[in-house]
Amino acid sequence: MVCARCGGQAFYTRRYSGEVLCGTCFQSSIVEKTRRTISRYGMLRHGEKVGVAVSGGKDSLSLLHVLNTLAQSKQYRLVVLTVDEGVQGYREESIEHSAALTKELGLELVSVSYKELYGFDLDQALAWKDQREISSCSMCGVFRRRAIDEAAARAGVEVIATAHNLDDCVQTFMMNLLHGDVDRLGWALPQAEEGDQLLRRVKPFMEIYEEEIALYAHLSGLPFQSVSCPYMHEGLRGEMRDFLNELEANHPGMKNTLLRSSLSVSSSLSQQAPKKRSTCSLCGAMSSSPVCGVCRMRQLVEQHTKYAPE
Ligand code: SF4
Ligand code: ZN
C-alpha cells in the first residue's frame, strides 16, 4: 500500500474515509484537521493567550504538541494548566509527563491542586463511595472544571483549550440523552458556555477520533501513562464507549454522524432557551442556580467525610 499523499510506504487506513497514509502524512493530517476545526468554529484568535488544560494523558499531551505546532503560524501564546486532583499512585506520573513536555516546548506552567483549593484531595473526597449515587468522575469533573478556571485566572489566559476528542463528545451526548439532561445537551456546541464557567472553552480535537489521537501520540514519541485513574471505570461511560466502538466497527463513520447530530440538537436547544446567570450565594462564582455545583459537592463531601472544607 502506498500513501495517498506522498506515495511513501503506507501503514494506516482511515476506515471512515478510505484514506491510506504513511506515518508522517498521518501526523500532518491530525495537525491540519485540528487547524480546520479551530478555524471552522472560530475557536481561537490570532495572537490569543491560550490556556491548554493538560492532564498528562495521551490526549492532552497531543493537544499541547499540535497547538504548539500551530502556534508558530497563528502566534498563539500557550500556557499549560494542570490540576493535581490528589489520586495516590496515579497523578504523580502524569504530572511528570506534563511538566517534561512543557519544559521541552519552553512554555509556562500554572498548576493548582484540589487540596489547595478545596481543603481535601480526591482520594479523601471519594472516601464515602459506598453511600453515593453520583459517579466518581461526575464529582471530580465539577471540581476539576473550577480548578482549571482558577489556574486559567492565575495565568491570565483569554480562552481554555481542552483535549476532549470526538469519542468523548459523542459519549457525553449519549449519556445526557439517556439521563434526559436537556441543559447539558445544549452544551455540546463548540463555543457553548458550559455550566458555571465564565471563560470561553474550546475543544480543538472534537472532530478527531480517540484512536487517531493515540496513534498521533505514539508516532510523535509522546509518553504514555502506565496507570489509569483508579476511579475511571465506574458508571455508564465505559459501557457507552464499548457500545459506540462496536457501532463504529460495524458502520464506519457512525461516530462522526453522531457528532453532527449532537451539534444540531445542541444548536436548536440553545436557541430555544437562553441561559439565565446569577451568582452562587456561597462562593460568589457565576452560577445558573442559587448554589453552584462546586459548593453543592463540597457540602456533600463535608457531610460524609471528616475532610470538611476550610
Ligand atoms: Fe477524575 Fe474521573 Fe479523571 Fe479520575 S478519571 S481524574 S475521577 S475525571
Ligand atoms: Zn459556589
Side-chain angles (χ1 to χ4, degrees), residues 53-61 63 81-98 111-115 117-130 132-151 153 160 162-165 167-169 171-172 175-176 184 194-198 201 203 210 224-241 276-303 305 307-310:
V54 175
S55 69
K58 64 178 177 6
D59 292 347
S60 61
L61 292 178
L63 178 66
L81 311 175
T82 65
V83 176
D84 182 359
E85 296 91 347
V87 181
Q88 216 182 3
Y90 159 66
R91 246 317 159 231
E92 298 85 351
E93 187 190 8
S94 55
I95 287 172
E96 267 176 39
H97 291 332
S98 307
S111 213
V112 295
S113 72
Y114 282 12
K115 188 89 181 172
L117 296 179
Y118 308 123
F120 46 76
D121 61 30
L122 189 63
D123 284 334
Q124 292 166 330
L126 295 178
W128 53 293
K129 184 167 178 266
D130 295 347
R132 277 195 275 123
E133 290 189 355
I134 185 165
S135 78
S136 300
C137 289
S138 304
M139 271 189 78
C140 178
V142 170
F143 290 132
R144 190 176 160 75
R145 276 190 292 273
R146 176 70 59 87
I148 291 280
D149 275 351
E150 178 60 34
I160 300 169
T162 62
H164 294 95
N165 58 45
D167 292 60
D168 296 325
C169 294
Q171 284 161 21
T172 300
M175 307 262 295
N176 289 333
R184 282 192 163 78
E194 289 182 23
D196 300 337
Q197 274 86 51
L198 263 185
R201 286 185 175 236
K203 302 173 187 136
E210 183 173 310
F224 266 70
Q225 191 163 8
S226 54
V227 283
S228 309
C229 175
Y231 307 112
M232 192 170 78
H233 295 296
E234 289 175 15
L236 264 180
R237 191 174 277 269
E239 285 178 52
M240 185 56 74
R241 173 188 307 225
K276 286 195 209 95
R277 295 275 172 150
S278 59
T279 50
C280 170
S281 58
L282 296 180
C283 72
M286 287 295 284
S287 173
S288 46
S289 52
V291 177
C292 75
V294 170
C295 286
R296 284 199 304 271
M297 290 293 174
R298 286 181 79 162
Q299 286 172 333
L300 274 177
V301 172
E302 193 175 359
Q303 276 163 23
T305 70
Y307 300 105
E310 284 143 18

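Only heavy atoms go into these numbers, but all of them, side chains included; no hydrogens, no water, no symmetry mates. Everything numeric here is computed off the predicted structure, so don't read it as measured data. Remember, it's 1-based here, ligands and their atoms both numbered in the order they're listed.
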Output field for angle at the Zn ion (ligand 2), Cys283.SG vs Cys280.SG, rounded to 10°, should show 110°

Using only heavy-atom distances, determine whether the side chains of Arg237 and Ser135 contain a donor-acceptor pair under 3.5 Å. no

State whether the side chain of Tyr114 and the backbone N or O of Ala147 hold a donor-acceptor pair below 3.5 Å, judged by distance alone. no

State the atoms of ligand 1, each with its element, that fall below the 4.0 Å cut-off from a heavy-atom position in Cys137. 2 (Fe), 5 (S), 7 (S), 8 (S)

Measure the spacing between CD1 of Ile160 and CZ of Arg145 and express it to the nearest 0.5 Å. 11.5 Å

Which of the ligand 1 atoms, numbered from 1, are nearer than 4.0 Å to a heavy atom of Tyr231: 7 (S)

Nearest to atom 1 (Fe) of ligand 1, what protein heavy atom do you find, and at what distance? Cys140 SG, 2.3 Å

Mark yes when over 12 heavy atoms from residues, nucleotides or ligands other than Gln303 sit less than 6.0 Å from its CD; otherwise mark no. yes

Angular separation of Cys295 SG and Cys292 SG about the Zn ion (ligand 2), given to 10°: 110°

Look at the N, O or S atoms of Cys229, main chain and side chain alike, and state whether any lies under 2.8 Å from atom 4 (Fe) of ligand 1. yes

Does the protein come close to atom 7 (S) of ligand 1 - that is, does one of its heavy atoms sit below 4.0 Å from that atom? yes

Test item: Asp59 side-chain N/O and His164 main-chain N/O as donor-acceptor pair under 3.5 Å: no

Can a donor-acceptor pair be found, under 3.5 Å and without considering hydrogens, that links the side chain of Gln225 to the backbone of Tyr90? yes

